Amino acid sequence: MTEQQFIPQPYTNSVENGSFTWSSPSNIALVKYWGKKKDQIPENPSISFTLDHCKTTTILSFSKKENQDSFSFEVFLDGEKKDDFKPKIETFFKRIEVYLPFLKTYHFKIETSNTFPHSSGIASSASGMSALALCLMSMEKELVLNSALSKVEGGKENFEDFFTQKASFLARLGSGSACRSLEGDLVVWGEHENVVGSSDLFGVKYPFEVHQNFKNYHDTILLVDKGEKQVSSTVGHNLMHGHAFAGERFKQARTNLSHLINVLKEGDLDAFIALVESEALTLHAMMMTSMPYFILMKPNTLEIINKIWAYRQESGSKVCFTLDAGANVHVLYPEKESGKVLEFIKNELVGYCQNGHYISDKIGFGAKLINN
Ligand code: DP6
């Protein structure tokens, strides 16, 4: 697949107005994407668990307009107009216009809401950008309907695959990790020699066997710091350019993904823990060793990590943690331990969260069309 294949033939259908609603989840990376080239082409492949509960629902309403010189849209979060979201969406529209040439011919109303609080320190870009990309793809589907569908080999079924792939491709142009949010329960993004069909351009559903141990895995997100991100993802990714350890890190991520394929197949929870925690700490180590340097953990992040390690040692539990580029902690654990670990979280970890806030989530299966 190359970018060219996502440029559509001239549309044959005409649509005056309408609306689509999609909900799309967040995801948590096990092998991290950190470092990118232009337009979110990743420096290394990554893999994530798709989440279930943390998601964005977006209603995209559209109507044909006269003036076709510029983009025209308004954005609402929980019913409130959000002009400060506009520059990010304008940039997104500019990047994807060549792949969705109808964008300037409509006025859009984008109404979005998240299941998690906007100021929770949980990035809404993955769920938000993927939900918007899917709404736009539903629109394109209307515009190519019938005539083009019959030209796609295999007709409608193959078009469904293409639909998801192009939606992931578009979501990536909004925010890299967003391309891993469309499907579940595991998604790989970035070309890797051992993953057939993997691509730098879009995420693909993990194609290999996954042991029962990893089914229904839990992720309880401890909100240690709900403030604005100290370093934006884009600034963070850019710090990998010229970073002294970048080359080794990109190699390590590849190797880790190769190992993880075996770990997931064998159900090896100890190896999973070692790999996932090391990935999280390596991401933070990259930030600490860049110039300028950043410490994104807070004292309570470390308190939580130490408590998890102590609990694991004394109980033999297989609970572990991972981190995003921030202070919040994702506590990962197998379904069969869920009762005990949740008890441990409530008794020993929640005290380190800002206002005692945490979110109970688990592995999910991707985005859903709500209506059209
Ligand atoms: C630490 O996808 O938010 O969560 O492509 O600049 O939008 P942009 O970055 P983003 O980066 C996510 C980085 C991460 C690791 C990961 O999700 O793989």
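Fair warning: this is a prediction, and the values are worked out from it, not measured in the lab. Just so you know, ligand 1 is whichever comes first in the structure, and atom 1 is the first atom listed for that ligand.
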Visitor: Going by the order shown, which atoms of ligand 1 are within less than 4.0 Å of some heavy atom of G176?
Guide: 2 (O), 5 (O), 7 (O), 8 (P)

Visitor: May I ask you to list the atoms of ligand 1 that are less than 4.0 angstrom from any heavy atom of K36?
Guide: 5 (O), 6 (O), 8 (P)

Visitor: Any chance NZ of K340 has more than 12 other-residue heavy atoms, nucleotides or ligands included, within less than 6.0 Å?
Guide: no

Visitor: Side chain, backbone, both or neither: which part of N27 has a heavy atom under 4.0 Å from ligand 1?
Guide: neither

Visitor: Do any nitrogen or oxygen atoms of S46 lie less than 3.5 angstrom from nitrogen or oxygen atoms of ligand 1?
Guide: no

Visitor: Out of S317, P334, S315, which one pairs with V341 under the side chain to side chain contact (heavy atoms under 4.5 Å, CB included) rule?
Guide: S317

Visitor: Looking at A29, which atoms of ligand 1 are within less than 4.0 Å of one of its heavy atoms?
Guide: 16 (C), 17 (O), 18 (O)

Visitor: Counting distance only, does the side-chain N/O of K226 pair as donor-acceptor with the main-chain N or O of L223 below 3.5 Å?
Guide: no

Visitor: Against heavy atoms of D324, which atoms of ligand 1 measure under 4.0 Å?
Guide: 4 (O)

Visitor: Are any side-chain N or O atoms of N213 and backbone N or O atoms of G267, one a donor and one an acceptor, separated by less than 3.5 Å?
Guide: yes

Visitor: Report the nearest protein non-hydrogen atom to atom 15 (C) of ligand 1: residue, atom name, distance rounded to 0.1 Å.
Guide: Y33 O, 3.4 Å

Visitor: Can you see whether F76 has K109 sitting over its ring - NZ or CZ less than 6.0 Å from the centre and within 45° of the normal?
Guide: yes

Visitor: If you count the atoms of ligand 1 from 1 in the order shown, which ones are under 4.0 Å from a heavy atom of R180?
Guide: 16 (C), 17 (O), 18 (O)

Visitor: Are the side chain of D268 and the backbone of D270 linked by a donor-acceptor contact shorter than 3.5 Å?
Guide: yes

Visitor: Please work out which of K32, Q40, H237, R172 has its closest non-hydrogen atom nearest to atom 9 (O) of ligand 1.
Guide: H237

Visitor: Using 4.0 Å as the upper bound for N to carboxylate O, is an ion pair formed by E140 and K166?
Guide: yes

Visitor: Counting non-hydrogen protein atoms only, what is the nearest one to atom 3 (O) of ligand 1? Give residue, atom name and distance.
Guide: S233 OG, 2.9 Å

Visitor: Would one find more than 12 heavy atoms of other residues, nucleotides or ligands at under 6.0 Å from atom CD of E343?
Guide: no

Visitor: Within ligand 1, which atoms have a heavy atom of L283 less than 4.0 Å away?
Guide: 1 (C)

Visitor: Return the residue, atom name and 0.1 Å-rounded distance of the protein heavy atom closest to atom 7 (O) of ligand 1.
Guide: S175 OG, 2.6 Å

